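Excluded from the calculations below are hydrogen atoms, water molecules and symmetry mates; all remaining heavy atoms, backbone and side chain alike, are included. Model, not experiment: these values are computed from the prediction.
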Amino acid sequence: MGFGTVSRGGSSRWPDQRLCTVEMGPPCHTSCLSRRKSSSSPKIKVDLDSSTGIAVMKFQSPPVNSLSLDFLTEFCISLEKLEMDRSCRGVVVTSALPKIFSAGLDIMEMYGKSPERCGEFWKAVQEMWLKLYGSNMVTIAAINGSSPAGGCLMALTCDYRIMAENPRYGIGLNETQLGIVAPFWFKDTMVNTVGHRTTELALELGLLYSAPDALRLAWWTSWCRRTRC
Ligand SMILES: CC/C=C\CC/C=C/CC(=O)SCCNC(=O)CCNC(=O)[C@H](O)C(C)(C)COP(=O)(O)OP(=O)(O)OC[C@H]1O[C@@H](n2cnc3c(N)ncnc32)[C@H](O)[C@@H]1OP(=O)(O)O
């Protein structure tokens, strides 16, 4: 494990340049992305409105938008393309599926796979985080469904979060409930947003929060009452 530096933007698209240092394996760059093949049917629909400079990335990978290697590869390639398009200033990530933002890491990617395949998958998870957190575009998660574990990480990695209010929708790093310890950089991403004590309790107990509870704990500044954002 080495130390990597992630700088956020610095261009006119992101006025408030921030710098942070994170401990993690060496990031995988574009060459690594291009080596990986994405599946034929797109798991993410990208629409860029050139009049506003806002792109919407809609997850459309049934049944639950789980973060498989294919999904993560496509996500990184799509984000990279938007990053290179100077007309794009901001990105909204959201789901095209009813009730689910993302179910988090694809459990089937972590079961019965070779160490090489697990390594590739884990690298892709890190890469998604690096690209999203290090983006020089403004990033917003419009959370229109359940968002456990890795789905929550993705939302926390964005600059802003808005969640649809629905008692059936939960968000949180709940992997403790599966007997999985959240990696320290998942934890750090949550600490950055909601603080140490809330993170400690949430991770120990594997809590999932409703939109109003999450708002109370400063996960975001607003939630919307419609079930679909
Ligand atoms: C090397 C790695 C080391 C450390 C990793 C540490 C980090 C871990 C972070 C993670 O993200 S772990 C994954 C955690 N995710 C969850 O715990 C979510 C589990 N799923 C749910 O809670 C629910 O499925 C849901 C709330 C997302 C949706 O509920 P519902 O609408 O009732 O759908 P179903 O439960 O019936 O599921 C439909 C279908 O989808 C499959 N599925 C659900 N989640 C996942 C997933 N994360 N990966 C793969 N597949 C998933 C589920 O099995 C069902 O499949 P069927 O074939 O039975 O239809």
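- A heavy-atom distance below 4.5 Å is not found between the side chains of L67 and F75.
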Next item on the list: May I have the step-by-step check of salt bridge (Lys or Arg N to Asp or Glu O under 4.0 Å) for R197 and E200, ending in yes or no?
Entry: CA-CA 5 Å; R197 184 60 183 145; E200 194 171 47; 2.6 Å; yes
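- Put simply, the side chain of E74 gets close to the backbone of I44: a donor and an acceptor are under 3.5 Å apart.
- Side-chain atoms of E165 do not come within 3.5 Å of backbone N or O of S210 as any donor-acceptor pair.
- Between M137 and V91, the closest heavy-atom pair is CE-CG2, 3.5 Å.
- A distance-only check finds no donor-acceptor pair linking the side chain of Q60 to the backbone of L97 [under 3.5 Å].
- Connection of L201 to V191 is not established within any shared hydrophobic cluster, with ILVMFWY side chains joined at heavy-atom distances below 4.5 Å, either directly or through further cluster members.
- Remark: the backbone N or O of S61 is paired with a side-chain donor or acceptor of N65 at under 3.5 angstrom.
- Once rounded to the nearest 0.5 Å, the distance linking CG of D159 with OG of S135 reads 7.5 Å.
- Residues M128 and F184 are members of one and the same hydrophobic cluster, defined by side-chain heavy-atom contacts under 4.5 angstrom among Ile, Leu, Val, Met, Phe, Trp and Tyr.
- Note that the CG atom of D188 and the OH atom of Y133 stand 9.5 Å from one another [nearest 0.5 Å].
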Notebook entry, point to check: Going through the distances and angles, do K58 and V46 end up as a side chain to side chain contact (heavy atoms under 4.5 Å, CB included)?
Noted result: CA-CA 6 Å; K58 271 196 178 170; V46 183; over 6 Å; no
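- Side-chain atoms of L69 and R117, non-hydrogen and from C-beta on, do get closer than 4.5 Å to each other.
- Proximity of a side-chain donor or acceptor of E175 to a complementary backbone N or O of G206 within less than 3.5 Å is not detected.
- Remark: the S66 side chain and the D106 side chain contain an N/O donor-acceptor pair separated by less than 3.5 Å.
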Margin query: Quick one, L105 with W122, criterion side chain to side chain contact (heavy atoms under 4.5 Å, CB included). Give me CA distance, side-chain angles, the key distance, then yes/no.
Written below: CA-CA 10 Å; L105 303 192; W122 195 238; 3.7 Å; yes
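- Rounded to the nearest 0.5 angstrom, L203 CG and T198 OG1 are separated by 10.5 Å.
- Side-chain contact check for T139 versus Y160: every heavy-atom pair is 4.5 Å or farther apart.
- Residues V138 and R89 fail the side-chain proximity criterion, which asks for heavy atoms closer than 4.5 Å.
- Looking only at atom types and distance, the side chain of S87 has a donor-acceptor partner in the side chain of D85 under 3.5 Å away.
- Contact of the W185 side chain with the Q126 side chain is registered, since non-hydrogen atoms from C-beta on lie closer than 4.5 Å.
- Taking all atoms of both residues into account, the shortest heavy-atom contact from L173 to M190 is CD1-SD, 3.7 Å.
- Minimum interatomic distance between F71 and M154 (heavy atoms only, all atoms of both residues): CE2-CE, 4.2 Å.
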Notebook entry, point to check: Would I162 and I143 count as a side chain to side chain contact (heavy atoms under 4.5 Å, CB included) if you check the C-alpha gap in whole Å, the side-chain angles of each, and the deciding distance to 0.1 Å?
Noted result: CA-CA 6 Å; I162 300 168; I143 308 152; over 6 Å; no
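- Between atom CG of residue L82 and atom CE of residue M57 there is a gap of 6.0 Å, rounded to the nearest 0.5 Å.
- For the pair K43/F59, no side-chain contact is recorded, criterion being any heavy-atom separation below 4.5 Å from C-beta on.
- Using modelled atom types, one side-chain atom of R161 and one backbone atom of A155 make a donor-acceptor pair closer than 3.5 Å.
- For the residue pair G172 and C152, the shortest heavy atom distance occurs at O-CB, 3.4 Å.
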Next item on the list: List the steps and the verdict of salt bridge (Lys or Arg N to Asp or Glu O under 4.0 Å) for E83 and K131.
Entry: CA-CA 10 Å; E83 204 82 54; K131 286 206 183 303; over 6 Å; no
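- Without hydrogens or angle criteria, S95 side chain to I100 main chain gives a donor-acceptor distance under 3.5 Å.
- For the pair T193 (side chain) and T189 (backbone), a donor-acceptor distance under 3.5 Å is present.
- L205 and Y209 fall within a single hydrophobic cluster, where Ile, Leu, Val, Met, Phe, Trp and Tyr side chains are chained together by heavy-atom contacts under 4.5 Å.
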Next item on the list: For the pair L208 and I171, evaluate side chain to side chain contact (heavy atoms under 4.5 Å, CB included) and give the outcome as yes or no after the intermediate values.
Entry: CA-CA 5 Å; L208 285 173; I171 186 165; 5.7 Å; no
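- In this structure, L132 and C158 approach most closely via the heavy-atom pair CD2-SG, 4.1 Å.
- F101 and Y169 have their aromatic ring centers separated by at least 6.0 angstrom.
- Between V56 and T94 the shortest side-chain heavy-atom distance falls below 4.5 Å.
- In terms of heavy atoms, N144 sits closest to A164 at CA-CB, 4.1 Å.
- Annotation: the span from S147 atom OG to L156 atom CG amounts to 8.0 Å, rounded to 0.5 Å.
- In terms of hydrophobic clustering, with Ile, Leu, Val, Met, Phe, Trp and Tyr side chains grouped at heavy-atom distances under 4.5 Å, V181 and V125 are assigned to different clusters.
- When atom types are taken as modelled, the side chain of R168 and the backbone of S146 share no donor-acceptor pair closer than 3.5 angstrom.
- Other residues, nucleotides and ligands contribute over 12 non-hydrogen atoms within 6.0 Å of the NZ atom of K113.
- For the residue pair T176 / E204, no side-chain donor-acceptor distance below 3.5 Å is found, with atom types taken as modelled.
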